[in-house]
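Report on the structure given below.
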Amino acid sequence: MTNPVSIAQYPAVAAILLSVGFAVFPAGCETNPPSLLSPAPEAFGRIFVQATVDSAAISLDNAPTGRFTPDTIAATVGTHLLRLEKSGFFTTTQTVRVGMDSLTTVICALTPHVAEKVVLIEDFSNVSCVPCVLSNLILHSLESGVYSGDKVAFVKYATNFPSPSDPFYLADRTDCDARMSYYSILFAPTLIVDGIARPTSTDSAALKDTINARLQQVPKISVTVTQTVGGGVLGTLVAVTLLDTTGTVFADLVLHTVVTETNVTYASPPGSNGETRFYDVMCIMLPSSGGQSLTPQNRNSTVVYQRQTPIASTWSVGNLHVVAFIQDSKTGMVLQTGSAR
């Protein structure tokens, strides 16, 4: 019987066999022979990273990626440690599992070191209200001037008087009626500051004094708003961080989320007061005018609330801004406000 011959004894023959596609194994390795093929390439997936604040630096497995929220990064299949950092906010980490050729969405909440008070102005007006012209001029001047930053948020609700055909009222009469009823609005214009103060709408000095007094309040809650647009849908993330638990009764607190549209322009006045341009008009309240109850939480903890709504054909996407505020249902006081503007 002829002894088996090892192909390793004939390297030239082995090279020829390999060149035409034959697998060559050393003699004596009949069980689990080692493969001469290259190792399979690593499998990858993607992570879409979104945070409650933009421009947070993204690190993966403690290595900076050079990317900032919101953005998509590639990662090998498996479990990774995601870290987000931004000046003025506590660093946050989250474990994420990446699948092969898949997109994993991660939403992170960033908690600010210190929250500054943001004042809410709710304006009740009508396109046929003559005094509303001066009131609207004052509000726009303040919004584009001394309060042009993120200190004050504005929401304009339409009334059904003096004209019941106000187009902004007709667009969402349910939410307009609900807010008018909540505050017992009897005439336009009426301004409500942080849910409790009613300065004269046409007195800019009185309005500024009221705003400045409210800005001195130290907020117990931080509200951060982020909005996204895609597929004909407006999405919003509202991150609520409890900074001080003293006297906080969650059962009394309601989170209101409002989609507003600014710089709405008509070719001709839609009412009888001559106005053709309108700012911060309420489009819809999410999930409804009743808002939603807050989830109880501990100090320095953050809860993120997500909402979305189809974008109406009449809305200008680039002019949409989400405003969210937390209101005490018993006293009416607005504790804190946030805006995506």
Side-chain angles (χ1 to χ4, degrees), residues 118-140 142-143 152-202 207 210-211 225 234 236 254-266 270-273 275 277-292 307 309 312 314-316 319-327 329 332-334 337-341:
V118 179
V119 174
L120 175 68
I121 295 181
E122 295 175 276
D123 174 31
F124 294 84
S125 63
N126 186 277
V127 296
S128 293
C129 159
V130 175
C132 291
V133 177
L134 177 56
S135 175
N136 291 337
L137 287 173
I138 291 173
L139 290 176
H140 182 58
L142 294 179
E143 185 177 14
V152 181
F154 299 80
V155 177
K156 183 185 298 294
Y157 305 98
T159 62
N160 58 346
F161 49 82
S163 170
S165 59
D166 184 306
F168 302 115
Y169 173 78
L170 296 178
D172 187 4
R173 65 177 70 193
T174 299
D175 291 334
C176 289
D177 284 342
R179 293 309 280 177
M180 283 192 291
S181 175
Y182 182 81
Y183 288 121
S184 299
I185 301 299
L186 300 177
F187 57 88
T190 296
L191 296 183
I192 309 292
V193 179
D194 265 355
I196 55 174
R198 300 191 182 209
T200 302
S201 301
T202 54
L207 177 56
T210 305
I211 293 173
V225 182
L234 176 68
T236 178
V254 177
L255 172 64
H256 291 287
T257 304
V258 188
V259 178
T260 68
E261 183 179 5
T262 195
N263 201 22
V264 181
T265 304
Y266 286 83
S272 62
N273 68 3
E275 287 185 295
R277 182 168 293 180
F278 305 87
Y279 302 91
D280 309 303
V281 178
M282 185 274 296
C283 297
I284 191 172
M285 300 186 74
L286 304 174
S288 68
S289 58
Q292 65 186 110
R307 292 293 173 194
T309 183
T314 56
W315 299 350
S316 174
N319 291 335
L320 296 178
H321 305 288
V322 177
V323 176
F325 57 94
I326 296 175
Q327 188 165 38
S329 60
M333 180 184 293
V334 174
T337 302
S339 173
R341 187 167 185 172

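The heavy-atom pair separating P167 from V127 by the smallest distance is CD-CG2, 4.0 Å.
Applying the ring pair (Phe, Tyr, Trp, His ring centres under 6.0 Å) criterion to F325, with sequence neighbours excluded, gives H256. In this structure, the side chain to side chain donor-acceptor pair (under 3.5 Å) partners of E143, at least two apart in sequence or on a different chain, are R341. Residues satisfying the side chain to side chain contact (heavy atoms under 4.5 Å, CB included) test with T265, not counting sequence neighbours, are N263, R277. Residues that satisfy the side chain to side chain donor-acceptor pair (under 3.5 Å) test with T262, not counting sequence neighbours, are absent from this structure. With sequence neighbours left out, the ring pair (Phe, Tyr, Trp, His ring centres under 6.0 Å) criterion links Y279 to H140. In this structure R173 satisfies the side chain to side chain contact (heavy atoms under 4.5 Å, CB included) test together with Y169, L170, D177, sequence neighbours excluded. With sequence neighbours excluded, no residue forms a disulfide bond (SG atoms under 2.5 Å apart) with C176. Applying the disulfide bond (SG atoms under 2.5 Å apart) test to C283 and every residue at least two apart in sequence or in another chain returns nothing.
Listed by first and then second residue, the salt bridge (Lys or Arg N to Asp or Glu O under 4.0 Å) pairs that reach into residues 126-138 come to none, sequence neighbours excluded. Applying the salt bridge (Lys or Arg N to Asp or Glu O under 4.0 Å) test to residues at least two apart or on different chains, the pairs with a partner in residues 184-194 are K117-D194, D194-R214. Counting only residues at least two apart or in different chains, salt bridge (Lys or Arg N to Asp or Glu O under 4.0 Å) contacts with residues 119-129 comprise E122-R179, D123-K156.
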Scan the side chains in residues 158-165 for donor-acceptor partners under 3.5 Å anywhere in the protein, sequence neighbours excluded, and list what turns up.
residue: T159; atom: OG1; partner: S125; partner atom: O; Å: 3.4
residue: T159; atom: OG1; partner: F161; partner atom: O; Å: 2.6
residue: S163; atom: OG; partner: S165; partner atom: N; Å: 3.2
residue: S163; atom: OG; partner: S165; partner atom: OG; Å: 2.9

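The OG1 atom of T337 sits 9.0 Å away from the CD atom of Q327 when rounded to the nearest 0.5 Å.
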